Undergrad: 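Please read through the structure below; I'll follow up with questions.
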There are 2 protein chains.
Amino acid sequence: MTPTITVSRWLDLLQSAGCRVTAPRRAIVELMVGTSRALGPIEVYDLGRTEHPGLGLVTVYRTLEKLEELGLIERVHLPDGCHRYLRTADGHQHLLLCTTCGLVQTFAGDDLDPLTGKVASDTGFAINEHWLQFFGTCPNCRKPISTLSES
Amino acid sequence: MTPTITVSRWLDLLQSAGCRVTAPRRAIVELMVGTSRALGPIEVYDLGRTEHPGLGLVTVYRTLEKLEELGLIERVHLPDGCHRYLRTADGHQHLLLCTTCGLVQTFAGDDLDPLTGKVASDTGFAINEHWLQFFGTCPNCRKPISTLSES
DNA sequence: TTGTAATTGAAAATCATTTTCAATACAAGG
DNA sequence: CCTTGTATTGAAAATGATTTTCAATTACAA
């Protein structure tokens with residue numbers, strides 16, 4: 001699905017949820033659909049104002065909250081904080097995060113179901129969620145000097 | 001190692017690091033050594049004042065910071081936040097966390113090295129850290145009414 | 001069009017965390 | 001023991017992030 005179609009789909013979903021489609025929301029949706037980096041509120045605010053100069057930080061908070069409610073974006077946890085958002089991947093995915101630029105990739109990992117079952121029966125916990133995440137430096141950020149190409 | 005001995009060891013390590021051993025620090029150390037739950041600053045503050053009534057929240061922040069520097073405690077990330085601390089486990093461990101009470105258990109998991117290597121070569125990332133965490137409800141919190149026994 | 005309720009952004013309020021600072025208390029040396 | 005220098009303490013103030021309030025604006029259904 002192309003980014004443009006995804007933007008339309010997100011805006012339709014917003015509308016179906018009883019929200020109005022406004023210029024600030026469109027700007028934020030385009031941003032979140034178009035990036036593979038985990039962005040914090042301030043980053044969304046700064047990037048969003050290039051497209052919609054009057055954008056307010058309050059609107060960023062409110063829109064991110066709404067998109068999270070709709071399951072379109074989700075919070076990403078990194079070693080240094082948990083206030084960044086990323087568009088939700090299809091199905092459950094494991095994450096690989098660049099701790100320098102925030103770039104996120106997903107990868108198909110081991111099937112954790114057997115381990116989950118074993119740990120559950122060993123401990124008596126009812127397990128209902130798991131995280132498998134790798135952290136490192138993406139190819140772009142590993143290059144010391146060479147030309148930059150944005151994702 | 002018994003809790004008492006661990007408390008002494010932590011206080012010795014603090015002293016070796018050039019810190020003085022004071023009553024507030026002793027109270028916080030005893031708390032962090034003695035619990036298997038991930039505690040946030042406010043919880044440490046409230047629990048700590050039962051033992052040292054004059055304890056200030058500022059001192060909690062400062063002491064937790066110092067214990068983290070010494071590697072005795074570390075930040076734990078949960079779906080709803082990342083501001084809780086837990087004493088560091090021996091060696092690298094995977095975590096199983098109770099989302100109701102904050103109880104943490106460690107478990108020996110799969111060896112992730114092969115997967116790490118595969119993902120690294122597939123993506124070009126330099127991977128230097130990973131998280132494997134399970135979330136759920138611990139046996140105690142699953143009991144609806146019955147008698148409570150604190151860990 | 002027009003009316004109305006949702007939405008906006010600025011300002012104020014709130015909450016967590018950090019900094020400042022004068023008073024206190026640890027611990028080394030007499 | 002006592003003295004002394006310095007690290008530490010807790011209160012208050014400062015900071016920074018997030019949330020709430022509110023009057024003006026705007027989307028969109030009729």
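The shown structure was predicted, so the numbers you read here are calculated from the model rather than taken from an experiment. Reminder, nothing fancy here: chain letters follow the sequence lines and each chain counts from 1.
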Undergrad: Looking only at side-chain atoms of B/K66, point me to the closest of C/dT17, D/dG10, D/dT8.
TA: D/dT8

Undergrad: When the nearest nucleotide of DNA chain D is assigned to A/I42 and to B/P24 on a heavy-atom basis, which residue is associated with the more 5' position?
TA: B/P24

Undergrad: Starting the side chain at C-beta, find the nucleotide from C/dA16, D/dT18, D/dT21 nearest to A/R62.
TA: D/dT21

Undergrad: Do the side-chain N or O atoms of A/T22 get closer than 4.0 angstrom to the phosphate oxygens (OP1, OP2) of C/dA6?
TA: no

Undergrad: Working to the nearest 0.5 angstrom, can you tell me the gap between B/I73 CD1 and B/L67 CG?
TA: 4.5 Å

Undergrad: Report the distance from atom NE2 of A/H83 to atom P of C/dA16, rounded to the nearest whole Å.
TA: 12 Å

Undergrad: Picking from C/dT17, C/dA11, D/dT18, which would you name as closest to the side chain of B/L57?
TA: C/dT17

Undergrad: Just N and O in the side chain of B/H52: are any of them under 4.0 Å from OP1 or OP2 of D/dG10?
TA: yes

Undergrad: Nearest to the side chain of A/R20, which nucleotide is it out of D/dT9, C/dG9, D/dT26?
TA: D/dT26

Undergrad: Among the candidates C/dT7, D/dA11, D/dT20, find the nucleotide nearest to the side-chain atoms of B/V58.
TA: D/dA11

Undergrad: For B/E43 and C/dT17, give me the distance from atom CD to atom C1', rounded to whole Å.
TA: 17 Å

Undergrad: Quickly work out the A/L64 CG to D/dA17 P distance and round it to whole Å.
TA: 15 Å

Undergrad: Starting at atom CG of B/D46, determine the distance to atom P of C/dA16, rounded to an integer number of angstrom.
TA: 11 Å

Undergrad: Measure distances between side-chain N and O atoms of B/R25 and base N and O atoms of D/dT8, and say whether any donor-acceptor pair falls under 3.5 Å.
TA: no

Undergrad: Rounded to whole Å, how long is the line connecting atom CZ of B/R75 with atom P of C/dT17?
TA: 8 Å

Undergrad: What integer distance in Å separates B/Y61:OH from D/dA12:P?
TA: 18 Å

Undergrad: CG of B/L96 to OG1 of B/T106: how many Å apart, nearest 0.5 Å?
TA: 9.0 Å

Undergrad: Measuring to OP1 and OP2 of D/dC28, would you say a side-chain N or O of A/Q15 lies under 4.0 angstrom away?
TA: yes

Undergrad: Does some side-chain heavy atom of B/E68 sit less than 4.5 Å from a side-chain heavy atom of B/L64?
TA: no

Undergrad: Do the non-hydrogen side-chain atoms of A/R84 and A/H77 ever get within less than 4.5 Å of each other?
TA: no

Undergrad: Rounded to whole angstrom units, what separation is found between the CD atom of B/E68 and the P atom of C/dT17?
TA: 13 Å

Undergrad: Specify the separation, in whole Å, of atom OH of A/Y85 and atom C1' of D/dA17.
TA: 12 Å

Undergrad: A/R142 versus B/F125: any side-chain heavy-atom pair under 4.5 Å?
TA: no

